[in-house]
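Numbering starts at 1 and runs along the sequence shown.
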Amino acid sequence: MPTKESNDSAPRTVEIDVAKVLRDKMGGKARFVPRFVVKWLERLIHQEDMNRFFRAHSEEQGVEWLKSVVEYADMRITVRGLDNLPADKTHRLTFASNHPLGGIDGVALGAVLGEHYEGNIHYLLNDILMNLPGLRPLGTPVNIVGSQSRRMPRMVDDAFAADHQVILFPAGLCSRKIGGIIQDLPWRKTVVQKSVQHRRDIVPIHFSGQNSKRFYRVSALSNFLHLKVNLAMLFLPDELYRNMHKPFTITIGKPIPWQTFTKDKSFSEWAQWLRAKVYELK
């Protein structure tokens, strides 16, 4: 919910301001929002804590910023399978991971792979996250809940055509409770379609962990009420703080050659096959 930044000539500092966001989104109607609701939202997203972090790390960008977030969250990361990656670090790969936490898992994965590849990584990101100056240099924005920009297909193609290592979460949204199991939504075909088009082998990655029971209850309620607003996303900042000081395991599988994805299956079918391969790493 970033709203303020300094000018382009100085280091950019994001500031979260719930009251300003409500005024920008609701106009004059914002005055009808009770003050206690605004205060509740500020506490829910940890406005004061996050702004303190943003100010302290306003000079950082890219992998350096990712590492600072991981350190701030005191994430205790165990990485398995790093030796599965090609010795040639210029070998272009697509890293496809499940998305259990909805934000901090992406930061941690980027920190690990960014260090391994000396900063040569690039995300396909929820466009909301592109408001974070520290993350912006590493990402191509993808609108997962609304209409896409006309430039989006070209931007995605450019990301896959470049020489950096691509990281994406093909489910788009973070994992939900489906059939009593915390798991990703069906994966989108882009991960396979673009990797084949640009001859990138795909590395399946499993990230351990889950959000709170409250998060999944909110998500289920939103679905039950058929809300157009992704209400669960509002709770993700608080989930970051609930996941602080916890251990997580990143398991890296062996690269799957792009030639594997033949016309025997559609790109969508191959994407679900790849999703299953990720969960086999668990």
Original post:
Do Tyr279 and Ile252 share a hydrophobic cluster (ILVMFWY, side-chain heavy atoms under 4.5 Å, transitive)?
Top reply: no

Subject >> CA sep, side-chain torsions, deciding dist, call: Tyr72, His57, side chain to side chain contact (heavy atoms under 4.5 Å, CB included) >> reply: CA-CA 11 Å; Tyr72 172 71; His57 298 274; 5.7 Å; no

Subject >> Hydrophobic cluster identity match, Val18 and Phe32, side-chain contacts under 4.5 Å >> reply: no

Original post:
Would the number of heavy atoms belonging to other residues, nucleotides or ligands and lying under 6.0 Å from CD of Gln259 be above 12?
Top reply: yes

Original post:
If two hydrophobic side chains count as joined below 4.5 Å and joins carry through other members, does Ile77 share a cluster with Leu281?
Top reply: no

Original post:
What pairs with Asn211 under side chain to side chain donor-acceptor pair (under 3.5 Å), at least two apart in sequence or on another chain?
Top reply: Asn243

Subject >> For the student: nearest non-hydrogen atoms of Gly114 and Val63, plus distance >> reply: CA-CG2, 3.7 Å

Original post:
How about Asp74 and Met244: do any of their side-chain heavy atoms sit closer than 4.5 Å?
Top reply: no

Subject >> Residue pair Arg275 / Gln183, side-chain heavy-atom distance below 4.5 Å >> reply: yes

**OP:** Start with the C-alpha gap between Phe160 and Leu124, add the side-chain angles, then the distance that decides, and say whether side chain to side chain contact (heavy atoms under 4.5 Å, CB included) holds.
**Re:** CA-CA 10 Å; Phe160 276 89; Leu124 293 188; 3.7 Å; yes

**OP:** Enumerate the residue pairs fulfilling ring-ring contact (aromatic ring centres under 6.0 Å, His included) with a member in residues 175-204, sequence neighbours excluded, ordered by first and then second residue.
**Re:** none

Subject >> Rounded distance (nearest 0.5 Å) linking atom NZ of Lys20 with atom CZ of Arg23 >> reply: 7.0 Å

**OP:** Sequence neighbours left out, what passes side chain to side chain contact (heavy atoms under 4.5 Å, CB included) with Leu227? Give chain and number order.
**Re:** Ser222, Leu225, Leu231

Subject >> Interatomic distance, Asp184 atom CG to Asn98 atom CG [nearest 0.5 angstrom] >> reply: 5.5 Å

Original post:
Could you give all pairs that pass the salt bridge (Lys or Arg N to Asp or Glu O under 4.0 Å) test and reach residues 244-266, with sequence neighbours left out?
Top reply: none

Subject >> Pairwise side-chain contact, Arg242 with Phe215, heavy-atom cut-off 4.5 Å (strictly under) >> reply: no

Subject >> Non-hydrogen side-chain atoms of His206 and Glu280 separated by less than 4.5 Å >> reply: no

Original post:
Under 4.0 Å between a Lys/Arg side-chain N and an Asp/Glu carboxylate O for Glu64 and Lys67?
Top reply: no

Original post:
Under 3.5 Å, is there a donor-acceptor pair between the side chain of Asn51 and the main chain of Glu15?
Top reply: no

Original post:
According to the interplanar angle, ranging from 0 to 90°, do the rings of Phe54 and Trp65 count as parallel (below 30°), tilted (30 to 60°) or perpendicular (above 60°)?
Top reply: parallel

Subject >> Exceeds 12 heavy-atom contacts within 6.0 angstrom, atom CZ of Arg214 >> reply: yes

**OP:** Give a yes-or-no answer on whether the side chains of Asp105 and His99 include a donor-acceptor pair shorter than 3.5 Å.
**Re:** yes

Subject >> Minimum-distance pair of heavy atoms, taken over all atoms of Ser175 and Pro100 >> reply: OG-CA, 3.4 Å

**OP:** Could you pull out the closest heavy-atom pair between Val70 and Ala108, with the gap in Å?
**Re:** CG2-CA, 3.8 Å

**OP:** Count the heavy atoms of every other residue, nucleotide or ligand shown that sit under 6.0 Å from CD of Glu115, and state whether that count exceeds 12.
**Re:** no

Subject >> Over all atoms of both residues, closest heavy-atom pair of Ala162 and Arg92 >> reply: O-NH1, 3.0 Å

Subject >> Polar side-chain atom of Arg176 near backbone of Cys174 as donor-acceptor pair, under 3.5 Å >> reply: yes

Original post:
Going from OG on Ser266 to CZ on Phe261, what distance comes out if it is rounded to the nearest 0.5 angstrom?
Top reply: 12.5 Å

Original post:
side-chain hydrogen bond (donor to acceptor under 3.5 Å, both in side chains) with His122: which of Thr140, Asp158, Asp163?
Top reply: Thr140

Original post:
CG/Asn120 to NE2/His164 distance, rounded to the nearest 0.5 angstrom?
Top reply: 7.5 Å

**OP:** Run the numbers on Leu41 and Val21 for side chain to side chain contact (heavy atoms under 4.5 Å, CB included), then give the verdict.
**Re:** CA-CA 11 Å; Leu41 287 170; Val21 169; over 6 Å; no

**OP:** Please assess His116 against Lys89 for the test side chain to side chain contact (heavy atoms under 4.5 Å, CB included), listing each intermediate value before the final yes or no.
**Re:** CA-CA 9 Å; His116 182 77; Lys89 294 184 180 181; 3.9 Å; yes

Original post:
Could you give the distance from CZ (Arg136) to OH (Tyr123), rounded to the nearest 0.5 Å?
Top reply: 15.0 Å

**OP:** Group every Ile, Leu, Val, Met, Phe, Trp and Tyr by side-chain heavy-atom contacts under 4.5 Å, then state whether Leu44 and Phe36 land in the same group.
**Re:** yes

Original post:
Of the non-hydrogen atoms in Pro86 and Leu93, which two are nearest, and what is the gap between them?
Top reply: CD-CD1, 3.8 Å

Original post:
Does the side chain of Phe95 come within less than 4.5 Å of Tyr117's, by heavy atoms?
Top reply: yes

Original post:
Do Phe248 and Leu109 have side chains that get closer than 4.5 Å, going by heavy atoms?
Top reply: no

Original post:
Of the non-hydrogen atoms in Asp201 and Pro255, which two are nearest, and what is the gap between them?
Top reply: CB-CB, 4.3 Å

Subject >> Partner residues of Glu48 under the side chain to side chain donor-acceptor pair (under 3.5 Å) criterion, sequence neighbours left out >> reply: Arg52

Subject >> NZ on Lys277 to CD1 on Ile202, rounded to 0.5 Å >> reply: 13.0 Å

Original post:
Do Val69 and Phe53 have side chains that get closer than 4.5 Å, going by heavy atoms?
Top reply: yes

Original post:
Is any side-chain heavy atom of Lys189 closer than 4.5 Å to a side-chain heavy atom of Lys194?
Top reply: no

Subject >> ring-ring contact (aromatic ring centres under 6.0 Å, His included) contacts in which one or both residues fall within residues 217-243, not counting sequence neighbours >> reply: His46-Tyr241

